[in-house]
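Working notes, structure below.
Keep in mind that what you see is a predicted model, and the values were worked out from it rather than measured.
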Amino acid sequence: MTSTTTQAPAEPAVGAGPDRPAANPTQLQRPAFLLNAPFSYRTDVANNIWMEELADAERVPDSRKAMTQFLELYGFLAGDALVYVLPTPRTDGLQDLVFTANLGIVLEHLPDKDTVVVSNFASVPRRGETAVGVPFFESMGYRTFVPETWFEGEAELKHLHDNVYVGGYGQRSQRETYDWMEREFDMKVVKLEATDRYLYHLDCTVFPITREQTLVCTEMYEEDEIAELEQYTEIIDVSADLCYAGICNSVRLHNTILNASHIHDLKVGTEDYQSEIGKNRALEDIAGNLAFELSLINLSEYHKGGALLSCMVLHLNRYSYAFQLI
């Protein structure tokens with residue numbers, strides 16, 4: 001597929017411009033992301049249903065393969081974006097630190113672009129990550145806030161446009177967190193209750209692909225929730241089966257959609273193969289209809305932790321969404 005982007009957005013980020021260079025990556029007029037190399041990646045504690053269904057021996061990650069796959073993702077993003085690598089302060093007690101999308105969220109709508117809400121983890125083996133995230137962001141000049149109620153980062157809260165977000169609650173985050181954020185940061189959060197144990201974060205069922213359009217698994221939510229969401233975005237409906245295969249666990253980089261796929265590891269004709277190829281084809285169709293390209297990266301070692309591509313990427317800005325494809 002080929003596509004063309006428009007010129008850069010007319011309004012630069014506050015604090016950045018010809019006479020005022022960016023003071024942090026959120027102000028940068030180029031995509032910026034936060035990743036973490038898998039030095040502390042472990043699967044000792046099974047803290048989601050995907051992990052629970054694997055035997056202990058099956059879910060032990062191959063550390064060399066995990067690093068190779070991480071570097072493929074890092075290299076792809078770094079080819080056209082600024083990519084920070086979150087330092088790993090120790091290798092014990094931080095088994096899921098590599099999944100940076102849960103570390104917090106950079107609030108895109110605030111004019112100074114200097115505010116991060118760092119996660120207050122419901123998942124017990126992840127609670128040590130908050131103490132890693134706060135000083136990291138503060139060292140770059142960000143203001144940091146940690147809610148008193150459960151919240152697991154941008155994997156649970158997606159920016160749509162302006163001051164409008166969509167937030168998932170019910171399993172790893174609490175509705176009260178979004179009530180607090182609306183009061184504290186002058187934002188609107190459309191709240192969706194997660195009820196499926198396999199789709200326990202919002203990024204499993206919701207993926208904003210443009211500022212106007214969002215992939216949503218409507219069958220997972222109540223009619224009134226979907227009706228409210230439709231007031232703020234055009235919904236592209238995707239099935240639960242596609243979500244189980246990871247269609248919404250995607251990341252946008254300019255005119256490219258990135259998604260994880262281990263299709264070449266699977267035996268042709270098996271149920272897993274059919275599920276994976278069905279997801280890839282559906283995402284390719286959606287991407288093509290919107291003038292995107294699709295790139296697939298094998299992250300099979302991270303499946304052992306119950307994770308897919310979007311789990312490993314925290315947006316430091318959403319500059320890619322400033323472009324409209326034509």
Side-chain angles (χ1 to χ4, degrees), residues 13 22 24-28 30-41 70-71 73-78 80-89 94-110 113-121 123 126 128-147 151-160 165-168 172-173 177 181 201-204 206-208 248-253 257-260 297 299 302 305-321:
N24 64 46
T26 308
Q27 298 175 3
L28 190 67
R30 191 177 187 89
F33 303 100
L34 177 66
L35 276 65
N36 171 257
F39 294 114
S40 64
Y41 176 45
F70 164 81
L71 289 172
L73 174 61
Y74 172 87
F76 191 103
L77 292 172
D80 203 17
L82 174 63
V83 180
Y84 280 77
V85 178
L86 177 71
T88 303
L94 297 170
Q95 70 170 38
D96 292 325
L97 188 64
V98 68
F99 305 129
T100 53
N102 296 117
L103 187 62
I105 187 169
V106 178
L107 295 181
E108 180 73 16
H109 73 285
L110 295 178
K113 297 187 180 295
D114 66 348
T115 303
V116 181
V117 178
V118 180
S119 295
N120 180 2
F121 286 92
S123 176
R126 304 206 64 172
E129 296 175 37
T130 305
V132 177
V134 169
F136 171 77
F137 285 111
E138 290 182 347
S139 74
M140 294 197 294
Y142 286 95
R143 300 184 304 144
T144 61
F145 298 82
V146 178
F151 174 60
E152 294 205 351
E154 77 162 59
E156 290 276 57
L157 184 63
K158 298 295 183 182
H159 183 245
L160 296 179
Y165 295 74
V166 53
R172 298 297 183 91
S173 297
T177 303
M181 293 175 79
H201 285 134
L202 184 77
D203 64 350
C204 297
V206 174
F207 170 54
C248 287
N249 295 101
S250 300
V251 168
R252 174 178 171 180
L253 177 62
I257 303 302
L258 282 73
N259 188 266
I297 297 176
L299 297 171
Y302 299 94
L308 289 167
L309 190 145
S310 63
C311 309
M312 300 176 67
V313 181
L314 185 148
H315 289 76
L316 295 174
N317 66 36
R318 300 183 74 83
Y319 185 73
S320 291
Y321 287 80

Ignoring hydrogens and geometry, is there a side-chain-to-backbone donor-acceptor pair from Thr26 to Asn317 under 3.5 Å? no
May I ask you to decide if Asp96's main-chain N or O and Arg126's side chain share a donor-acceptor pair within less than 3.5 Å? yes
Within this structure, what is the CD-CG distance for the pair Glu154 and Leu34, rounded to the nearest 0.5 Å? 9.5 Å
Determine yes or no for a side-chain-to-main-chain donor-acceptor pair under 3.5 angstrom, with Glu152 supplying the side chain and His201 the backbone. no
NE2-NE2 distance between His159 and His109, expressed to the nearest 0.5 angstrom: 7.5 Å
Heavy-atom nearest pair, Phe33 first then Arg252, reads CZ-O, 4.1 Å
Rounded to the nearest 0.5 angstrom, the OH-OG1 distance for Tyr84 and Thr100 is 14.5 Å
Verdict with reasoning, Val118 to Glu129, per side-chain contact (heavy atoms from CB on, under 4.5 Å): CA-CA 9 Å; Val118 180; Glu129 296 175 37; over 6 Å; no
Val116 backbone acceptor or donor facing Thr144 side chain under 3.5 Å: no
For Tyr319 and Leu28, work out which heavy atoms get closest and say how close. CD1-O, 4.3 Å
Give the intermediate values and the outcome of side-chain contact (heavy atoms from CB on, under 4.5 Å) for residues Asn259 and Leu308. CA-CA 8 Å; Asn259 188 266; Leu308 289 167; over 6 Å; no
Minimum heavy-atom distance Val206-Lys158, with the two atoms named: O-CE, 4.4 Å
Any donor-acceptor pair under 3.5 Å linking the side chain of Tyr41 with the backbone of Gly305? yes
Hey, is the main chain of Leu202 close enough, under 3.5 Å, to the side chain of Glu156 for a donor-acceptor pair? yes
Of the non-hydrogen atoms in Leu160 and Pro208, which two are nearest, and what is the gap between them? CD2-CG, 4.0 Å
Given the options Leu299, Asn249, Asn102, Met312 meets side-chain contact (heavy atoms from CB on, under 4.5 Å) only with Leu299
Using a distance-only test with no angle check, is there a side-chain donor-acceptor pair under 3.5 angstrom linking Thr88 and Asn36? yes
Using a cut-off of 6.0 Å, state whether more than 12 heavy atoms not belonging to Phe39 lie near its atom CZ. no
From the list Ser250, Cys248, Cys311, side-chain contact (heavy atoms from CB on, under 4.5 Å) with Asp203 holds only for Cys311
Rounded to the nearest 0.5 Å, what separates atom CZ in Phe121 from atom CZ in Arg172? 10.0 Å
Would you call Phe137 and Leu316 a side-chain contact if the rule is heavy atoms closer than 4.5 Å? yes
What closest approach, in Å, do Pro87 and Leu97 show between heavy atoms, and which atom pair accounts for it? O-CD2, 4.2 Å
Nearest-0.5 Å distance that lies between atom CD1 in Ile105 and atom CG in Leu157: 4.0 Å
So, the side chain of Asn24 versus the backbone of Tyr142: is there a donor-acceptor pair under 3.5 Å, distance only? no
Separation between CZ of Phe207 and CD1 of Ile257, rounded to the nearest 0.5 Å: 4.0 Å
Counting distance only, does the side-chain N/O of Arg318 pair as donor-acceptor with the main-chain N or O of Glu108 below 3.5 Å? no
Which atoms form the tightest heavy-atom contact between Leu35 and Tyr74, and what is the distance? CD2-CA, 4.0 Å
